[in-house]
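In this text the structure is predicted, and so the values were computed from the model without any measurement.
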Amino acid sequence: MATPLSDTPLSPLRTIAVVGLGTMGTGIAEVLARAGRDVVGIDVSEAQAATAVAALESSTARAVERGRLTAQERADALARVRTSTDLGAAADADLVIEVAPESYEIKQQIFRELDGIVRPETILATGTNALSVTRLAADSARPERVLGLHFFNPAPAMRLVEVVSSVLTAPGAVTAVTNLALDLGKEPVAVGDRPGFVADGLLFGYLNQAAAMYEANYASREDIDAAMRLGCGLPMGPLALLDLIGVDTARTVLEAMYAASHDRLHAPAPILRQLSEAGLTGRKAGRGFYTYEAPGSAVVVPDALTPGTGGTEVPGRPVRAVGVAGSGTMASGIAEVFAKVGYEVVLAARSAEKAQTAKARIGKSLARSVDKGRLTAEVAARTLERITPTGSYDDFADVDLAVEAVAEDLEVKRQLFATLDKVCKPGAVLATTTSSLPVVACARATSRPQDVIGMHFFNPAPAMKLVEVVRTVLTADDVHATVREVCVKIRKHAVDCGDRAGFIVNALLFPYLNNAVKMVQEHYATLDDIDAAMKLGGGYPMGPFELLDVVGLDVSLAIEKVLHREFRDPGLAPAPLLEHLVAAGCLGRKTGRGFREYARR
């Protein structure tokens, strides 16, 4: 009878078998070989094994060209890899990493066969990102030695590795693979067994909502992707990422997540099934949400859904002078954006003093740009001269476009729009920067709802390239055309969306943030591990808890309540932990404490 794992000193994991030599398996084999491990690559297909060897040769040759490996290091790494079509080749492995297709039947068959092949102390790891590690372990003769080891694609470049324990996993096995991950130069994150684990658990819910948003014809695929890249700093938009991952793979992951959570946010959007069953699975098929030059190509080519390059059919209204209402950071940022490109700007606040303070803030911002070499002192001075501060909205009488950036309070905005209706000349476009309130409610406060539109800038407005252009059912075509033309002049990327809560960015971002809070609330993973997982595994510039503390927990809670009220989906209900922190006054960096504590300045 074998000695219990917890009492046995584990030998170093020197010889490692990788079962399944697709893209992921080949990448893992490369990482292991370059780190000095002996690798046995196993695949049922001799052709696939040969393809994997060719891919390793090509990848390591590129590494030499880029100075990341020497020629000798490359030769040594390749010499450490051998391939086989026989699972028996894993007999001497200290660790077996299974990266077969996402199917219980296939994976269980592999684990059953391995039980009769490997040594009793050999650790068996599954690379699944969707299936239950516990279920796979339970079928093994040695469930205490089975765990999940989830690499991210491409494995040589991505630093995150999720180490997944089931209730059956022995601590010694977790320690051994965690140390291996560190030896490989990876950042291991310890997580429990639930579909999607941390990174994919948060990522795929977001991708699913983006697919549903596109399916509902709320916004074009190009606008959804541009909004999330430019509004959140993501390396890829969600629909392009679905094509890269594989639409069929995403559907499999979501089905597993939904089976476990019964959360409607995880129920695969019907379009994922439709595309999968039509064979339109993304880049690998040459077509998914987008059309590609060839199967496997990353080059997108125009198709029937590609927007035309011609100008708008309806000409916009002329805009010479712009009014900006508000005195906060957003208002001053928007005023700076318009003044920089030559518009005459009237900056109105509740008092002349507040307006002067806002202009002074713009002056400091321009001075920083001069110090950094982005502007000359002369350009900065001319920009500031174009801004006229005032304590009265009556000075909006001659503006062609009025943009409000006051408090995110519907009654405050409605009162302001009623005032703008009285003071602005006929034909002036009236825009709101709201991020969560109905634009049409602002429009109905005027006698000219056809002239009202949403222009949602992102903070800080001078730096952020995105503007969500929000039409109501009453917005005139030439008003929409005017704002699109203005966005071009102020060098912003405009995306079109309808008048519903969250528009594009917040409707996709805040459910993701809320789900991260739920993970912590359920003690599934730590703040630090979740933040690390999303930065390293998802390419996010900030982890969800870093971002929540920057945005403000009170602001986040307010947006989540609006989304829940609008869509009436139980999965969008704000996490109780977020509500408790807000009630306790822990609002993030601005109060010195949110999910983390901050030094007071």
So does [X] pair up with [Y], basic N to acidic O under 4.0 Å?
| X | Y | answer |
| --- | --- | --- |
| K590 | D554 | yes |
| K340 | E336 | yes |
| R317 | E485 | no |
| D409 | R414 | no |
| R596 | D528 | yes |
| E255 | R251 | yes |

State, to 0.1 Å, how close [X] and [Y] come at their nearest heavy-atom pair, and which atoms those are.
| X | Y | value |
| --- | --- | --- |
| R361 | T329 | NH1-N, 3.9 Å |
| L572 | P511 | CD2-CG, 3.5 Å |
| D451 | A428 | CB-O, 3.7 Å |
| Y214 | A219 | CD1-O, 3.8 Å |
| A405 | T433 | CA-OG1, 3.4 Å |
| V406 | K413 | O-NZ, 3.4 Å |

Please report the C-alpha distance between R221 and D303 in whole Å, then the side-chain angles of each, then the deciding distance to 0.1 Å, and finally whether the salt bridge (Lys or Arg N to Asp or Glu O under 4.0 Å) criterion is met.
CA-CA 12 Å; R221 61 192 180 183; D303 58 22; 2.6 Å; yes

Hey, are D496 and H480 close enough side-chain-wise for a donor-acceptor pair under 3.5 Å?
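Note: H480 and D496 side chains meet the donor-acceptor criterion.
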
Please check if any side-chain donor atom of D549 sits under 3.5 Å from a side-chain acceptor atom of Y598, or the reverse.
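Their side chains do contain a donor-acceptor pair, which is all the 3.5 Å distance test asks for.
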
Closer than 3.5 angstrom, by distance alone: can the side chain of [X] be matched with the main-chain N or O of [Y] as a donor-acceptor pair?
| X | Y | value |
| --- | --- | --- |
| E344 | I387 | no |
| K492 | V486 | no |
| E546 | D531 | no |
| D225 | L239 | yes |

Neighbour count >12 (heavy atoms, 6.0 Å) for atom CZ, R287
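Not more than 12 within 6.0 Å, no.
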
Parallel, tilted or perpendicular: which fits the ring planes of [X] and [Y], with parallel below 30° and perpendicular above 60°?
| X | Y | value |
| --- | --- | --- |
| F458 | H456 | tilted |
| Y540 | Y512 | parallel |
| Y290 | Y292 | perpendicular |

Hey, mind stepping through R283 and D243 against salt bridge (Lys or Arg N to Asp or Glu O under 4.0 Å) and telling me if it holds?
CA-CA 5 Å; R283 283 192 191 181; D243 275 356; over 6 Å; no

Could you walk me through whether L577 and V520 pass the side chain to side chain contact (heavy atoms under 4.5 Å, CB included) test, one step at a time?
CA-CA 9 Å; L577 175 58; V520 168; 4.0 Å; yes

NZ or CZ of R500 within 45° of Y218 ring axis and under 6.0 Å:
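R500 over Y218 ring: yes.
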
Do R194 and Y524 meet the cation-pi criteria used here (NZ or CZ under 6.0 Å from the six-membered ring centre, within 45° of the axis)?
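That pair qualifies as a cation-pi contact.
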
About how many Å separate CD1 of I224 and CE of M213, when rounded to the nearest 0.5 Å?
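If we round to the nearest 0.5 Å, M213:CE and I224:CD1 are 6.0 Å apart.
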
Test salt bridge (charged side-chain N to carboxylate O under 4.0 Å, His left out) applied to R471 and D499, D478, D477, the passing residue:
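Result for salt bridge (charged side-chain N to carboxylate O under 4.0 Å, His left out) with R471: D477.
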
